[in-house]
Amino acid sequence: MRIVIAAIETGGTKVVCGVVSENEPRTIIRPHRISTTTPTETISAINAYLDDVARSDEISALGVASFGPVNVERDRERYGWVTGTPKQSWADTDLLGQIQLAGTVPTAFLSDVASAALGEQTWGAGASSDRVAYATFGTGVGVGIIIGGEPLHGNGYPELGHVMVRRHPLDRLDGTCPFHGDCLEGLASGPAIMSRWGTDASSLPPREQRRAFAIQGYYIAQLATVTAYATGVEKFIVGGGVLKADGLLEAAREQLAAVSGGPGGSHAASLDRPDFLGAPELGENSGLLGAVAAAGRVLRG
Ligand SMILES: [Zn+2]
């Protein structure tokens, strides 16, 4: 029997599962996808997958990364629960408690963005530092932060996607955040871009695309700057569906110096390095590999 670490990443539309062997932790074997439907149906499919793995491999640890909000602090009530999520049927779901393997082997539980940040910090674009942030721009905007090699949380976890930002002078959008209107997520998420342009940024004609990138890059640069100022991260990785638009990361880099004050500005020098803003290197696997890394740490104590 092989000894493996199992990892589960739940998302709003799909759950990805995989295992890695302990001596080759970057390579996902037995990858499997499950559609996210009701909690009961989805979690029983997760249990069926883990049972199937356990028939041929010995699972030494389990990592679970989940869309949120989730309770990630072990010593708090309802640890392992998905709480007030906008995904209706999942609000107040004891996710970890219904995964049969959880707790029977060393188990880690963390938010999806913290997990992606940990994956990239362990094996990907953030491997040169132990102070790394990963931001995802998609249906919403989330930021996971690793400080000293550990996910930053406490009283929940950072919600930097909802910081207030300075509006781009050409931007007339009211903002799409249901809570704050024109917070960062309200101006820079996928739905915000759709609402501003009627399409995603990749599909715009060149002239409009330049303007769209300038606006979007301005908001990405502000989020990166605020995160670096508040936490001292040395690397800010940006991913998610919105960043699939070719050239957007470069547009954000162009805005960064103007937003942060550039070299000599009152901040850590790492913010001025051209590679401060970077793309993920683990592709679609940042989150799943982060769950592996977190489980491995619990296993090693
Ligand atoms: Zn908001």
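Both ligands and their constituent atoms are indexed starting at 1 by order of listing.
His162 contributes ND1 as its N, O or S atom closest to the Zn ion (ligand 1). Summary: ND1 is the N/O/S atom of His180 found nearest to the Zn ion (ligand 1).
Vertex the Zn ion (ligand 1); arms to Cys177 SG and Cys183 SG; angle rounded to 10 degrees, 110°.
Note: His32 and Tyr49 have parallel aromatic rings, judged against thresholds of 30 and 60 degrees for the angle between ring planes.
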- Query: Please walk me through it: do Glu150 and Arg297 pass salt bridge (Lys or Arg N to Asp or Glu O under 4.0 Å)?
  - Reply: CA-CA 10 Å; Glu150 294 291 333; Arg297 284 168 187 211; 3.5 Å; yes
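Atom CG of Asp174 is surrounded by 12 or fewer heavy atoms from other residues, nucleotides or ligands within 6.0 Å.
Looking at Thr10 and Thr42, their side chains never come closer than 4.5 Å, going by heavy atoms from C-beta outward.
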